[in-house]
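All residue numbers in this chain count up from 1 along the given sequence.
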Amino acid sequence: MSRAVKIRGDVVALVLLAAAIAVGFGFGIRLSGSRHFPGAPGTFGEWPVLGEWSPHVGIGTPLAILVAIAVVTWGPALAVRLPWRRALLLGYVTSVAWILSLALIDGWQRGVAGQLTSQDEYLSAVPGITGIGGFLRTFSSRILDFQPDSLITHVAGHPPGATLVFVWLDRLGLSGGGWAAVVCVLAGALTTVAVPVAVAALGKPELARATLPFIVLFPGAVWLGVSADALFAGVTASGIALLALRTRLSALVGGLLLGFGAFLSYGLVLIGVVALVVCAVTRSWRTLGLGVLAACAVVGAFAWAGFWWFDGYHLVVERYYQGIANDRPYWYWVWANLACLALVIGPAVVAGLPRAWRFPLVAAAIVAVLMADVSGLSKSEVERIWLPFAVWLVPAAGFLTGRRRWWLVAQAVTALMVNHLLLTNW
């Protein structure tokens with residue numbers, strides 16, 4: 001009887017997944033071109049995934065298929081048999097290969113080097129930043145739109161830490177879209193190490209090994225390569241993993257990373273839910289204290305340099321509704337966001353949620369996603385914006401028993417279909 005209940009839970013979850021995606025795209029196709037659904041009729045536009053219907057193949061196609069076959073064939077066994085550190089290293093390298101191969105389906109320029117160079121992206125602002133101190137002191141005054149010298153869209157929509165990363169790369173001589181893309185991919189792949197490490201640190205080593213192949217073939221890799229949110233996901237996931245390790249040094253470094261994460265994206269304060277759950281489950285209040293102290297040091301450093309986070313947040317909410325977000329209907333996005341998230345995490349994670357939702361990391365990620373969803377500040381583009389939360393849902397796939405290779409196939413097929421059928425904006 002219990003087995004029948006579990007199977008029904010899996011089936012119900014997958015049916016809801018299919019229905020949400022079908023209805024989400026159905027609304028987009030039917031209403032595209034209206035005031036609330038911009039874009040040319042007959043294209044998907046941004047509903048619910050920002051991209052256009054454009055079936056295509058590229059140099060990355062055979063590479064991605066080969067990586068998928070390798071992970072499906074050998075991944076589960078190697079995750080169990082290899083020494084833990086070797087398994088994590090192999091997982092990281094394979095994740096980089098998976099992310100890059102998916103990106104290369106769109107070609108090197110369109111899929112990798114040119115992704116962060118549009119007029120609204122961070123790199124466009126880098127040449128105009130001649131002094132970091134002046135940039136930080138005047139940042140808040142330039143957030144609002146329709147004024148002289150207002151910041152470009154992505155720079156204004158995030159705290160200054162996001163832009164500073166690319167400024168620092170430029171100062172190091174790693175300028176241009178190619179280097180920026182590689183750094184984002186390398187950082188985003190850190191989630192492949194951080195998530196299993198945190199799961200193991202919470203006393204679930206077997207679940208951590210079961211999760212590893214699924215985090216490698218994460219369908220969200222379509223947007224990890226290449227978007228700045230891949231960098232955000234890697235930084236915050238690493239911070240949480242370090243907190244889970246519970247040494248003094250790891251707590252301080254983890255706190256610094258999570259504190260800096262809040263200056264990469266305003267929404268990343270919600271990742272604090274996952275961090276708090278880690279500390280609560282491990283009952284490591286010393287870790288929590290040291291982590292908070294380190295995070296506050298980051299806040300203090302930015303405040304000393306001239307940027308106060310709360311001022312930026314209130315202004316960015318106003319800027320948000322100065323743009324297209326004002327036309328995006330809440331009634332649609334409050335559920336279409338979740339349909340988009342289902343594509344990001346894939347059918348295996350969705351099927352595992354009925355069994356896994358009580359696992360602390362998964363439960364915390366669900367809470368963070370729901371808080372972001374109902375806020376109304378995540379209307380569209382969550383395929384990249386929610387990547388830092390989505391990776392913490394992946395351990396749900398580790399709760400699936402039997403036929404794990406078929407579930408891995410489903411994950412890979414989801415990513416390959418999205419990347420080959422849609423020309424995504426990231």
Side-chain contact, heavy-atom cut-off 4.5 Å: Tyr320 with Leu315?
-> no
Got a sec: does the CH2 of Trp308 have more than 12 other heavy atoms crowding it under 6.0 Å?
-> no
Heavy-atom donor-acceptor pair, Ser250 side chain to Thr247 backbone, under 3.5 Å = yes
Short question: side chain of Asn337, backbone of Ser378 - any donor-acceptor pair under 3.5 Å?
-> yes
Roughly how far apart are Leu290 CG and Leu249 CG, rounded to 0.5 Å?
-> 10.5 Å
Sequence-distant partners of Val57, side-chain contact (heavy atoms from CB on, under 4.5 Å), two or more places apart | Thr61, His420
Could you pull out the closest heavy-atom pair between Leu202 and Ala244, with the gap in Å?
-> CD1-CB, 4.3 Å
Can you find a pair of side-chain heavy atoms, one from Leu258 and one from Val235, that are under 4.5 Å apart?
-> no
Val182 and Leu174: CA distance, side-chain angles, deciding distance, side chain to side chain contact (heavy atoms under 4.5 Å, CB included) verdict = CA-CA 10 Å; Val182 169; Leu174 305 178; over 6 Å; no
Got a donor-acceptor contact below 3.5 angstrom from the Trp335 side chain to the Trp331 backbone?
-> yes
Mind running side chain to side chain contact (heavy atoms under 4.5 Å, CB included) on Val197 and Leu245 for me, showing each step along the way?
-> CA-CA 8 Å; Val197 165; Leu245 294 178; 3.9 Å; yes
Check the pair Val199, Phe359 against side chain to side chain contact (heavy atoms under 4.5 Å, CB included), reporting the backbone distance first and the verdict last.
-> CA-CA 10 Å; Val199 172; Phe359 181 61; 4.1 Å; yes
Got a second to check how far Leu151's CG is from Arg142's CZ, nearest 0.5 Å?
-> 4.5 Å
Answer yes or no: are there more than 12 heavy-atom neighbours, outside Trp304 itself, under 6.0 Å from its atom CH2?
-> no
For residues Pro76 and Val71, report the shortest heavy-atom separation together with the two atoms involved.
-> CD-O, 3.4 Å
Which is it for Trp333 and Tyr330 under the ring-ring contact (aromatic ring centres under 6.0 Å, His included) test, yes or no, and what are the steps along the way?
-> CA-CA 5 Å; Trp333 286 110; Tyr330 182 86; over 10 Å; no
Just say parallel, tilted or perpendicular for the rings of Phe232 and Tyr122, cut-offs at 30° and 60°.
-> perpendicular
Within-4.5 Å side-chain heavy-atom neighbours: Pro395 and Val195 | yes
N/O donor-acceptor pair under 3.5 Å between Arg137 side chain and Gly306 backbone | no
Supply the atom-to-atom distance Thr94 OG1 to Ile215 CD1, rounded to the nearest 0.5 angstrom.
-> 13.0 Å
Between Ala228 and Cys184 the two heavy atoms that sit nearest each other are CA-SG, 4.0 Å
Do any N or O atoms from the side chain of Arg283 and from the backbone of Cys279 form a donor-acceptor pair under 3.5 angstrom?
-> no
If we ignore angles and hydrogens, is there a donor and acceptor under 3.5 Å between the side chains of Gln115 and Arg110?
-> yes
Does the His56 side chain pair with the main chain of Asn419, one donor and one acceptor, at a distance under 3.5 Å?
-> yes
When rounded to the nearest 0.5 angstrom, what is the spacing between CG in Leu343 and CG in Leu338?
-> 12.0 Å
Aromatic ring pairing Phe307/Phe139, orientation class (parallel under 30°, perpendicular over 60°, tilted between) = perpendicular
Thr192 side chain reached by Trp98 side chain, heavy atoms, under 4.5 Å = no
Interatomic distance, Leu393 atom CG to Leu341 atom CG [nearest 0.5 angstrom] | 6.0 Å
CD/Gln322: more than 12 non-hydrogen atoms of other groups inside 6.0 Å | yes
Residues Tyr313, Ile143; criterion side chain to side chain contact (heavy atoms under 4.5 Å, CB included); working and verdict = CA-CA 10 Å; Tyr313 172 75; Ile143 290 176; over 6 Å; no
Can you name the closest pair of heavy atoms from Gly398 and Thr211 and give their distance?
-> CA-OG1, 4.4 Å
Side-chain contact test, heavy atoms from C-beta onward, threshold under 4.5 Å: evaluate it for His158 versus Leu264 and give yes or no.
-> no
Take atom CD in Gln147; do more than 12 heavy atoms of anything else shown fall under 6.0 Å from it?
-> yes
Are Asp170 and Trp179 close enough that some pair of their side-chain heavy atoms sits under 4.5 Å apart?
-> no
Taking all non-hydrogen atoms of both residues into account, name the closest pair between Ser227 and Trp223 and its distance.
-> OG-O, 2.8 Å
Does anything in residues 212-229 pair up under salt bridge (Lys or Arg N to Asp or Glu O under 4.0 Å), and if so which pairs, sequence neighbours excluded?
-> Asp229-Arg384
Answer yes or no: is there a donor N or O on one side and an acceptor on the other, between the side chain of Arg405 and the main chain of Thr73, under 3.5 Å?
-> yes
Heavy-atom pair with the smallest gap, counting every atom of Gly225 and Ala103 | O-CB, 3.5 Å
What residue among Tyr266, Phe302, Phe260 forms ring pair (Phe, Tyr, Trp, His ring centres under 6.0 Å) with Trp309?
-> Tyr266
How long is the gap from CG on Leu416 to OG on Ser101, to the nearest 0.5 Å?
-> 8.0 Å
Is the number of heavy atoms from other residues, nucleotides or ligands within 6.0 Å of CZ (Arg171) greater than 12?
-> yes
Heavy-atom distance under 4.5 Å between the side chains of Gln411 and Phe218, does that happen here?
-> no
Does CD1 belonging to Ile65 count more than 12 external heavy atoms closer than 6.0 Å?
-> yes
Pairwise side-chain contact, Leu422 with Met417, heavy-atom cut-off 4.5 Å (strictly under) = no
Strictly under 6.0 Å, is that where the ring centroids of Phe389 and Trp392 end up?
-> no
Taken in chain and number order and not counting sequence neighbours, the residues that satisfy ring pair (Phe, Tyr, Trp, His ring centres under 6.0 Å) with Tyr321 are none
Over 12 non-hydrogen atoms of neighbours within 6.0 angstrom of CZ in Arg286 | yes
